[in-house]
Number of protein chains: 2
Amino acid sequence: MDTTTKQFRKRNAILAYLRQTKEHPSAEMVFTHLKPEYPDLSLGTVYRNLSMFKNKGEIVSLGTVNGVERFDGNTTPHVHFVCMGCEAITDLPQIAVPEALNQQVTGETGGVIDTCQLTFVGKCQACANKKGEAV
Amino acid sequence: MDTTTKQFRKRNAILAYLRQTKEHPSAEMVFTHLKPEYPDLSLGTVYRNLSMFKNKGEIVSLGTVNGVERFDGNTTPHVHFVCMGCEAITDLPQIAVPEALNQQVTGETGGVIDTCQLTFVGKCQACANKKGEAV
DNA sequence: TTCCTAAACGAGAACGTTTCTTATTTACAT
DNA sequence: ATGTAAATAAGAAACGTTCTCGTTTAGGAA
């Protein structure tokens, strides 16, 4: 009846989208993006699978922006820029985060370092310009 | 009737605690700490004032740990270590975050950088050791 | 095919954190 | 004393996220 099996395995669609996009989406954003193609997709499924992928290390959480958790399908450690205006998260290319820091921190704390997040917070060009406009 | 005016201005007590403590507390932690001294303190008051101080730049948000926002009364930019086990946040002393990075990022994005957060995530010594124990 | 089992899912309830609303209290100036 | 504006307590409400449970699906066995 159906030409493909695409109505199954929404899980794969969720991971595929995370891998491909650069918007560092929230659960809601993933849901909104996939809903047209998978009309019977449930928000719970998105949450469930994001949580699973995160635990398996296939995706990474970037923490929350205004109370909403954001994810990144690119698990290679890199630096992010968060715009407080439009809430966009963008990758910052090629900023060297001294690898020696990890060892230094391990030495200081005596614990175990899993990840290191370097995030710049501010306003993107567009939002910075908006700032001056009339309200 | 009352010897002091200490039952007023809980707002000040909240800020004072943030300034003094190193536990990088959540709203709940602030509330729990101040409740004995201010028995009629309300959790809503803590949230309201934390939010106000944050907006005024008098304190800083460190983001959320397991869904709970954490604050720091020390607004001097510095590096943090978050233990995923006990959820403790500790300051990391004197790790140089190249100041030139800000300018580099400003150049890349064309926007405005407000802050730069460098956070290490892992397990503190105590929690790392617990890991091996029987469950 | 039909049956069976385990995984995946949808729908909505439940949960915990945070924000909002409203009435009360306080501080201070009149 | 009285008026006024800010601060507060209490609890309701909102929001994002997780959980529960009954259903559907995939894939293997008979």
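All chains are named by letter (A, B, ...) in the order of the sequence lines, taking the proteins before the strands, and each is independently numbered beginning at 1.
- A donor-acceptor pair is defined here as one N or O able to donate and one able to accept, closer than 3.5 Å; no such pair exists between the side chain of A:Thr45 and the backbone of A:Leu41.
- Rounded to an integer number of Å, the gap from CG of A:Leu50 to C1' of D:dG16 is 13 Å.
- For the pair A:Ser42 and C:dA11, the criterion of a side-chain N or O lying under 4.0 Å from OP1 or OP2 is not met.
- Side chain of A:Asp40, nearest nucleotide from D:dT8, D:dG27, C:dG10: C:dG10.
- The nearest whole Å value for the distance from the NZ atom in B:Lys54 to the C1' atom in C:dT19 is 12 Å.
- Relative to the side chain of A:Leu43, the nucleotides D:dT17, D:dT8, C:dG10 differ in distance, and D:dT17 lies closest.
- Here A:Glu28 lies out of heavy-atom contact (under 4.0 Å) with every strand.
- Rounded to an integer number of Å, the gap from CZ of B:Phe71 to P of C:dT17 is 13 Å.
- At whole-Å resolution of the value, CD in B:Glu69 and P in D:dT17 are 14 Å apart.
- A:Arg9 has its CZ atom 7 Å from the P atom of C:dC9, to the nearest Å.
- In this structure, the CZ atom of B:Arg11 is 13 Å from the C1' atom of C:dT26, given to the nearest Å.
- When each of A:His80, A:Lys22, A:Arg19 is checked for a side chain to side chain donor-acceptor pair (under 3.5 Å) with A:Asp72, only A:His80 meets the rule.
- Among the nucleotides C:dT17, D:dT17, C:dC9, the one closest to any side-chain atom of A:Val68 is D:dT17.
- Distance, B:Leu15 CG to D:dT8 P: 12 Å, rounded to whole Å.
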query: Where do A:His24 and A:Phe71 land on the side-chain contact (heavy atoms from CB on, under 4.5 Å) test, with the steps shown first?
result: CA-CA 5 Å; A:His24 309 85; A:Phe71 299 90; over 6 Å; no
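- The shortest distance between the side-chain N/O atoms of A:Asn66 and the OP1/OP2 oxygens of C:dT18 is not below 4.0 Å.
- Between C:dG10, D:dA9, C:dT17, one nucleotide has an atom nearer to the side chain of B:Leu41 than all others, and that is D:dA9.
- Residue B:Lys10 has no polar side-chain atom (N or O) positioned under 4.0 Å from OP1 or OP2 of C:dT26.
- Comparing C:dT19, D:dT17, D:dT8 by their closest approach to the side chain of B:Tyr47 singles out C:dT19.
- The neighbour count for A:Lys35 NZ, taken as heavy atoms of other residues, nucleotides or ligands under 6.0 Å away, is above 12.
- You'll find the ring centres of B:His33 and B:Tyr17 inside the 6.0 Å limit.
- Residue A:Met29 contributes atom CE, which lies 12 Å from atom P of D:dT17 at whole-angstrom precision.
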